[in-house]
Peer 1: 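Okay, handing you the structure first.
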There are 2 protein chains.
Amino acid sequence: MDEKANDKEQLRRASQLSRSSVERLYSYYLLAKRAREQGDTHINSRQLASFLQIGDTQVRKDLAAINLVGQPKKGYEIGATIEALSNTMGLDEVHRAVLCGVGKLGQALLQYSRFGEFGFKVSGAFDVSPDIIGQDIAGTRVLHVDHLAKVIEIFSVEIGILTVNVWAAQELCNKMVECGIKAIWNFAPIHLQAPKGVLIRNEDFAGSLAVISHYLKDPAEQ
Amino acid sequence: MDEKANDKEQLRRASQLSRSSVERLYSYYLLAKRAREQGDTHINSRQLASFLQIGDTQVRKDLAAINLVGQPKKGYEIGATIEALSNTMGLDEVHRAVLCGVGKLGQALLQYSRFGEFGFKVSGAFDVSPDIIGQDIAGTRVLHVDHLAKVIEIFSVEIGILTVNVWAAQELCNKMVECGIKAIWNFAPIHLQAPKGVLIRNEDFAGSLAVISHYLKDPAEQ
DNA sequence: TAGATTGTTAATCGATTAACAATC
DNA sequence: TAGATTGTTAATCGATTAACAATC
């Protein structure tokens with residue numbers, strides 16, 4: 001178990017593609033696509049860097065990590081760049097998702113347009129409130145959470161989206177993990193416990209508000 | 001200008017309260033409040049650490065940075081802890097906000113319950129679509145973006161929330177900064193350019209999806 | 001007292017940046 | 001060629017973690 005984890009870690013290091021690098025990939029992708037639409041054939045690290053407000057060295061490192069090779073004086077060929085980025089992010093693969101907690105945020109996410117771009121298909125939305133169960137939100141039927149396990153099983157769902165109350169999140173996370181979910185996108189302000197193989201991605205709104213509020217209280221301390 | 005920035009930087013370092021630390025504050029706050037409700041009088045670093053899945057050393061460093069002193073064998077007195085956390089996050093202060101882009105996500109955020117907790121009051125929501133202008137969402141009137149500057153001025157708005165299209169975000173950011181906005185909570189997948197004194201907080205959904213999608217493509221590389 | 005817990009210094013780690021040679 | 005840009009190594013930086021003395 002530990003050995004396997006070490007192997008993985010070594011692979012990740014060898015590939016030089018850190019978590020932070022992966023987070024930047026979509027921004028590169030977006031800008032490259034826009035440049036292509038404008039008729040450009042190449043894009044350079046300085047352009048990409050200024051778009052993300054980072055150093056150009058970092059961009060070159062990121063692109064090198066996904067095996068892109070640029071040309072001095074020209075930059076990176078746009079077609080190959082877009083393809084490598086799309087490929088690394090796995091945009092061409094289809095992944096099924098379920099969403100738990102169909103409140104306002106959950107409903108907004110069900111309509112989130114970028115899911116399609118990433119090949120994410122929402123196979124079901126779940127709640128416990130009779131007010132929402134049975135409704136169709138953006139084409140997704142809202143079901144009672146009792147049906148969660150069945151849906152995950154039937155559709156081979158890999159992604160769980162959690163837009164529930166803080167204190168319900170861990171329990172649902174456990175259930176999802178039990179059913180074989182591979183990655184959880186969590187909007188509750190809690191750090192979920194899950195086994196090593198399950199990716200937990202936290203979207204911590206409250207943390208953001210804390211940073212903003214703290215900054216406004218005393219800008220000098222930032 | 002540079003000297004001032006250096007002073008600020010020194011202050012921040014002196015206070016030992018890093019950006020990451022501030023992000024953790026609300027989680028501490030949440031757990032401490034729950035513990036108090038359960039009748040506890042003290043909370044220790046190990047409890048807080050396991051809730052956030054970090055080391056207890058880090059918790060003690062964070063709490064030391066906001067001048068909290070614990071007692072050996074007991075931990076931190078809950079009342080004082082909650083107060084210090086609340087104080088550092090500035091939960092008792094009122095800040096006004098405007099939201100631009102009243103799509104599904106914008107509407108969800110207008111109903112976001114935690115704004116109240118942080119003392120954030122949404123003074124106005126803005127869009128350009130005639131379909132939504134004039135409506136009331138969660139008690140907030142949706143206005144044409146032409147009125148943005150006026151509202152910011154009249155209500156001394158400090159916070160701008162951007163839930164607009166990627167390519168519209170920078171322009172609106174500029175306008176907000178011009179009008180004196182101090183902090184921007186940005187949901188567009190772009191890194192906004194703004195002067196030093198303006199805090200930009202990015203909520204990068206696309207980056208999260210990229211991380212999840214990349215992980216599913218090849219878990220071994222994580 | 002013994003043991004649990006804090007508080008702090010030093011070490012580690014990973015990510016970013018600087019420097020600069022290589023290339024077209 | 002000269003100059004722009006890539007690619008890579010080494011240095012820096014900030015955040016996390018380990019180690020351990022201090023305290024009740």
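Below, all heavy atoms of this structure are taken into account, side chains as well, without hydrogens, waters or symmetry copies. The sequence lines fix the lettering, A, B, ..., with proteins before strands; numbering per chain opens at 1. Keep in mind that what you see is a predicted model, and the values were worked out from it rather than measured.
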Peer 1: Output all residues satisfying side-chain hydrogen bond (donor to acceptor under 3.5 Å, both in side chains) with A:Q193, sequence neighbours left out; order by chain, then residue number.
Peer 2: none

Peer 1: Under the side-chain hydrogen bond (donor to acceptor under 3.5 Å, both in side chains) rule, collect the residues that match up with A:S45, sequence neighbours excluded.
Peer 2: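 Per chain and number, A:S45 pairs via side-chain hydrogen bond (donor to acceptor under 3.5 Å, both in side chains) with A:R60.
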
Peer 1: DNA chain C: stems of at least 3 consecutive Watson-Crick or G-U pairs, cut-off 3.5 Å?
Peer 2: C:3-24 with D:3-24

Peer 1: Indicate every side-chain donor-acceptor pair of residues 33-43 of chain A with a distance under 3.5 Å to a residue at least two apart or in another chain.
Peer 2:
{"residue": "A:H42", "atom": "NE2", "partner": "A:Q71", "partner atom": "OE1", "Å": "3.2"}

Peer 1: Considering only residues two or more places apart or on different chains, which pairs with a residue in residues 188-210 of chain A satisfy ring pair (Phe, Tyr, Trp, His ring centres under 6.0 Å)?
Peer 2: A:F187-A:F205, A:F205-B:Y112, A:F205-B:W185, A:F205-B:F187

Peer 1: For residues 74-82 of chain A, please give each side-chain donor-acceptor pair under 3.5 Å, one per line with the distance, not counting sequence neighbours.
Peer 2:
{"residue": "A:E77", "atom": "OE1", "partner": "A:A80", "partner atom": "N", "Å": "3.0"}
{"residue": "A:E77", "atom": "OE2", "partner": "A:G79", "partner atom": "N", "Å": "3.1"}
{"residue": "A:T81", "atom": "OG1", "partner": "A:E77", "partner atom": "O", "Å": "2.6"}

Peer 1: Give the residues of residues 31-47 of chain A touching DNA chain C, defined as any heavy atom closer than 4.0 Å, sorted by residue number.
Peer 2: none

Peer 1: Can you build the contact string for nucleotides 18-24 of chain C? Use B for base contact, S for sugar-phosphate-only contact, and - for no protein heavy atom under 4.0 Å.
Peer 2: BB---BB

Peer 1: So, using side-chain hydrogen bond (donor to acceptor under 3.5 Å, both in side chains) as the criterion, who are the partners of B:N174 when residues are at least two apart?
Peer 2: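 By the side-chain hydrogen bond (donor to acceptor under 3.5 Å, both in side chains) rule, B:N174 matches B:Q170.
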
Peer 1: Could you pull out all donor-acceptor pairs under 3.5 Å where a side-chain atom in residues 95-104 of chain A meets a protein atom, sequence neighbours excluded?
Peer 2:
{"residue": "A:H95", "atom": "ND1", "partner": "A:E158", "partner atom": "OE1", "Å": "2.7"}

Peer 1: Do B:L148 and B:C179 make a side-chain contact, defined as non-hydrogen atoms from C-beta onward lying under 4.5 Å apart?
Peer 2: no

Peer 1: What residues, two or more places apart in sequence or in another chain, satisfy side-chain hydrogen bond (donor to acceptor under 3.5 Å, both in side chains) together with A:N186?
Peer 2: A:N202

Peer 1: Can you list every salt bridge (charged side-chain N to carboxylate O under 4.0 Å, His left out) pair that touches residues 197-209 of chain A, not counting sequence neighbours?
Peer 2: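 For residues 197-209 of chain A: A:E23-A:R201.
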
